[in-house]
Structures are given as structure tokens and as C-alpha cells.
Amino acid sequence: MPERGEGTIVERPLRLDYDYTAGLAQSRFLKGIAQKKILGERCPKCGKVYVGSRGSCPTDGVATDGGEVDLPHKGTLTTFCVVNVPFAGQSVECPYASGYILLDGADIPLMGLIQEIPHDQVRMGLRVEAVWEDEVGPTLQSIKYWKPTGEPDADYETYKMHL
Amino acid sequence: MAERVAITGVGQTKYDTKRADVSIAGLCREAAVRALEDASVTWNDIDAVVIGKAPDMFEGVVMPELYLADAMGATGKPMMRVHTAGSVGGSTALVAAGLVKAGIHKRVLTMAFEKQSESDAMWALAMRIPFQPALVAGAGGYFAPHIRAYIRRSNAPDHIGILVAVKDRQNALKNPYAHLHLEDISYEKVAESMMIWDPLRYLESCPSSDGACAMVVAAEDSVSGDRAPAWFAGTAMRSEATQFAGRDQVNPQAGKDCAKEVYRQAGISDPRREIDAAEIYVPFSWYEPMWMENLFFAPEGEGWKMTDSGATAIDGDMPINPSGGVLSSNPIGASGMIRYAEAAMQIRGQAGEHQIDGVRTAMGHAYGGGAQFYSMCILTKDKP
Ligand SMILES: [Zn+2]
């Protein structure tokens with residue numbers, strides 16, 4: 001084998017701008033968020049309520065428009081992670097807890113940031129509610145974070161099928 | 001009639017944080033040349049090339065298969081690229097095997113790679129989705145909540161993840177290709193390492209590696225080389241949606257279905273007893289016990305007992321990842337193929353210091369995406 005030198009790696013940042021079309025289902029959801037409403041959509045076949053819906057039930061393949069459900073702004077933290085590693089584009093400072101929030105009446109969780117509780121006290125089954133930004137718009141960032149409601153923790157049996 | 005298919009050559013590069021001595025093409029070529037040499041064939045003996053890697057945005061080279069065609073000797077030959085996220089190394093090999101099984105080609109060169117030093121996987125896996133806050137920090141951030149759910153569901157003691165991390169790094173010390181050679185690895189070292197994605201510690205997570213793996217896959221009448229081949233006795237892939245109500249994220253259905261199918265083809269009814277060694281895709285420590293259950297090596301809720309009892313150690317009754325696994329080397333796109341190559345090496349008696357005696361049946365496994373893609377094989381010493 002011939003002797004080989006070491007190559008030099010040069011960083012060349014690239015930029016790609018694109019137009020994003022939310023689509024009908026996500027637009028319905030985001031327009032709800034802009035009015036401080038969390039809208040789910042119920043599948044006409046299996047009855048499951050999807051939140052952040054893509055407009056159809058992934059299990060049954062049927063449209064869910066028309067099945068709008070105005071969901072409460074509180075739910076159960078099913079599981080979570082405490083993030084201690086910084087990454088590009090990160091929206092919060094480390095360490096922070098983020099996890100899956102199953103809104104009461106929904107069958108699929110939303111991802112959310114958990115605050116107003118020390119990160120080492122965050123636990124599965126914690127009852128949480130949305131804290132909204134003062135200015136809301138058609139983005140999930142309108143929900144600043146989720147804070148404990150103070151209710152007793154949800155019983156594991158009530159959410160274990162959502163893990 | 002389907003052709004019998006065998007792995008007749010394997011080639012791996014040394015895995016490292018940064019292989020600055022080679023370009024992406026040079027890295028891939030290194031693995032491919034070694035696979036050809038192992039199979040005692042030349043570029044002329046290869047009918048087609050199937051390559052795989054994880055998302056293009058990792059290295060920022062779009063459709064790298066176009067530029068790699070020459071380096072892979074594919075000029076004038078059929079060439080195909082496969083992509084199924086982290087499971088791609090496994091599914092790439094299975095596409096190659098499928099081409100031979102179907103009688104389309106006699107000998108296929110298959111190769112998978114990742115050059116993480118020229119990429120930013122953490123960035124690529126923490127994509128800014130419009131209208132949503134960026135909360136998920138890379139693959140570890142994605143899988144950590146599901147690991148927490150496993151621990152709750154199985155009531156596993158906290159130290160299981162640490163045991164896996166120590167075992168795989170000790171195995172890696174016996175594998176010259178492994179990226180991590182942590183001579184001073186210990187229970188304390190892992191336990192004291194930073195909790196980066198609670199409940200996952202730094203040393204319970206896979207490294208970022210540069211590397212490539214290649215194999216020559218051949219039909220029965222085109223088997224070559226001095227060493228007996230490893231035969232495919234079963235091959236299966238399955239997928240499922242990442243999000244649907246009631247999805248079991250701890251023990252995904254697609255993984256169970258894939259395992260059942262690959263065992264059915266290979267005639268395996270009791271995997272723990274009938275499989276002599278397995279290379280399973282474990283990028284985060286806790287995925288060892290989780291996959292032990294998903295792959296029916298242990299009853300549901302008891303995978304951690306295999307780790308705890310030492311059954312999965314190199315001298316245990318069900319050795320898992322004698323090579324050191326993904327926890328010791330993770331060139332993402334190649335990681336699945338390395339599992340297959342290492343399983344083949346165990347069958348062929350070429351695993352050196354991490355060779356397990358008398359392996360006649362071995363398993364290769366890969367998963368990817370949000371645990372939605374699965375690719376598995378059963379390899380045997382005897383012709384199926
Ligand atoms: Zn439905």
C-alpha cells in the first residue's frame with residue numbers, strides 16, 4: 001500500500017430555503033392553536049382521537065375531517081427524557097425535561113416541554129397543563145411549556161397502553 | 001425455484017472517530033476490496049452492486065451512489081442504492097441476497113457506509129419541523145423515553161443498562177476493527193459517566209464512527225474462496241408506521257413479526273436454544289434486554305434477566321454482540337451490515353479473539369428510523 005497522507009476536512013455550510021405547505025389537516029389544527037384551542041380529530045371507524053392529526057387514521061386509512069374534538073388543555077405525561085446535551089437548533093437550555101403528553105380524551109400523545117418543576121422530580125404519570133404564550137399564532141410554539149396541575153399522578157394502568 | 005444464497009466474503013474497515021486518511025470513496029473501496037479478497041474473487045466476477053447508507057443529509061452528499069459507482073467497480077453493471085434509516089446495512093444485504101435468490105445475479109457485491117466525521121448526524125436527526133419547537137435531541141433523545149417505559153413496564157433494576165455497556169466494550173477489546181477500545185472500561189466508569197439523555201448515560205450510548213462494511217453474496221454454483229461460506233437460512237424485513245394510536249413503542253409489532261418470519265424460514269422454534277450467537281443492533285444499552293424480548297429470546301418483561309445473569313456475555317449461553325456491537329462502533333449506515341458480517345464471521349470461524357466455539361447458527365439484526373424498520377437474517381454453517 002502506498003503511503004497516504006491525511007486529508008483536510010473543510011466546513012462548507014450550505015443553505016436550503018423551502019416553502020412549507022401545512023396541508024388541510026395541519027392547517028385546521030394550527031388555526032385552532034391560534035385561537036388557543038387544541039383540536040383533535042376522531043376516526044369515524046375506530047373512534048380514536050388523533051391530535052396533531054394528518055387528516056386520516058393511520059390504522060384505518062379513512063379521513064378524520066368532520067370529527068373535530070375540542071380537547072382539554074391538560075393531560076398525563078406518559079414518558080419523558082431529561083436532555084443534558086446541547087444540539088443545533090435547540091429551543092431550550094439544558095437540562096430540560098421533554099416528553100409525551102396524552103391529553104385527556106386523546107389517543108395519541110403530543111411532544112412537550114415540562115417546566116415549573118425541577119427536572120429531577122419529573123415522573124411518568126405526572127398530570128400537566130398547557131401554559132400558553134401571551135401572543136399566540138398558528139404554531140405549536142404558542143404553547144410555552146407544560147406545568148404540573150397539582151392533581152395526584154395518573155395510575156399507570158390508565159396510560160400504559162400508550163407507551 | 002429459489003436459489004440457495006451464501007455470504008462468501010466479508011470486508012470491514014477499521015472504525016474510528018475520523019478516518020482522515022481516506023475519502024468516502026476510499027473508505028468504501030477499502031471494505032469492498034477486503035470482501036473480494038476474502039471471497040477470492042476479482043471485480044470482474046461481480047455481476048451487480050447494491051449499496052446502502054443512512055440519510056444523505058448526514059454527510060450532505062446527495063445520492064452518493066452516483067459518485068461511488070466507479071469506486072465500487074459498478075461501471076457497466078447494475079447498481080442499486082437502498083435506504084431504510086439505521087436498518088439500512090441489514091436491508092441492503094437482504095436486497096443483494098434477494099437478487100441472487102431470485103436467480104437474477106450469481107454474485108453481488110454489497111456495501112454500506114457512514115463517514116460521521118464529515119457529517120452532523122445530531123443536527124440531521126434534530127430537524128427543525130415548521131410550526132413545532134425543537135425538543136428531540138438526536139437518536140438518544142428519541143429513544144430515551146421508550147427506554148424509560150421499558151424499565152417501568154418490566155420493573156428492571158437500574159444497573160442493567162450499565163452491564164450491557166460494560167460487556168459490549170469488553171467484547172470490543174477482542175475486535176481489532178472496533179472503534180472504541182476502552183481498556184479501562186468498568187461498571188463504575190459507566191455509572192459515573194454523564195447522564196446525557198436521562199435515563200441514558202454517555203457511556204451507554206453508541207459512538208459516532210467512520211467506517212464501511214462489504215460482503216460478497218453468491219449463488220450455490222458460484223461459491224468461491226478457501227473458507228466455507230455462511231448460508232442464508234432465513235431473511236426478513238418488516239416495517240410499521242411511527243405514529244398510530246396504541247403503538248407499542250417498547251416492543252414493536254413489526255419487530256416481532258419480522259423475527260417470527262425469519263425463524264419460520266430457518267425452522268427455528270426456540271431461538272435461545274437453537275441460535276449459537278447473535279449480532280443485534282443495540283445503539284443504546286437498554287435495547288439489549290428490549291430486543292431479547294422482541295426477538296423471543298426471553299419472555300416479555302424478562303429480557304433484562306438474561307443480561308443480569310450473564311447469559312448474553314461472550315461466554316454465556318446466548319452470546320449477544322461478541323464483536324462489541326453498535327455500542328462500540330457506529331458508522332450508522334454500515335452498522336446493520338456489520339451485524340450480518342460478524343454473524344457470518346462466527347459461522348465461518350474467522351472472528352479471531354471474539355470467536356465463539358462451534359457456531360452453526362447465527363443471527364444478524366438491524367432496526368432503524370423510529371424503531372419502524374427491521375431487517376433480520378439467520379445464517380447457518382450447513383447448507384439449508
Ligand atoms: Zn381509525
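Letters A, B, ... mirror the listed sequences (proteins, then strands); counts begin at 1.
- Looking only at side-chain heavy atoms (C-beta outward), A:Val85 and B:Trp197 come within less than 4.5 Å of each other.
- For the pair A:Met124 and B:Arg148, the minimum side-chain heavy-atom distance is below 4.5 Å.
- Heavy atoms of A:Phe80 lying under 4.5 Å from chain B belong to its backbone as well as its side chain.
- Contacts between B:Arg247 and chain A at a heavy-atom distance below 4.5 Å involve the backbone alone (N, CA, C, O).
- Heavy atoms of A:Pro95 lying under 4.5 Å from chain B are absent altogether.
- By the 4.5 Å heavy-atom criterion applied to side chains, A:Tyr100 and B:Pro145 are counted as neighbours.
- Residue B:Ser117 touches chain A through both its backbone and its side chain, counting heavy-atom pairs closer than 4.5 Å.
- Taking the side chain as every heavy atom from C-beta outward, B:Phe244 and A:Thr59 approach each other to under 4.5 Å.
- Taking the side chain as every heavy atom from C-beta outward, A:Asn84 and B:Met194 approach each other to under 4.5 Å.
- Here the side chains of A:Val82 and B:Met195 are not in contact, with every heavy-atom distance at 4.5 Å or above.
- The 12-atom threshold is exceeded at CZ of B:Phe131, counting heavy atoms of other residues, nucleotides or ligands nearer than 6.0 Å.
- For chain B, the nearby parts of A:Leu163 are the backbone and the side chain; heavy atoms of each come within less than 4.5 Å.
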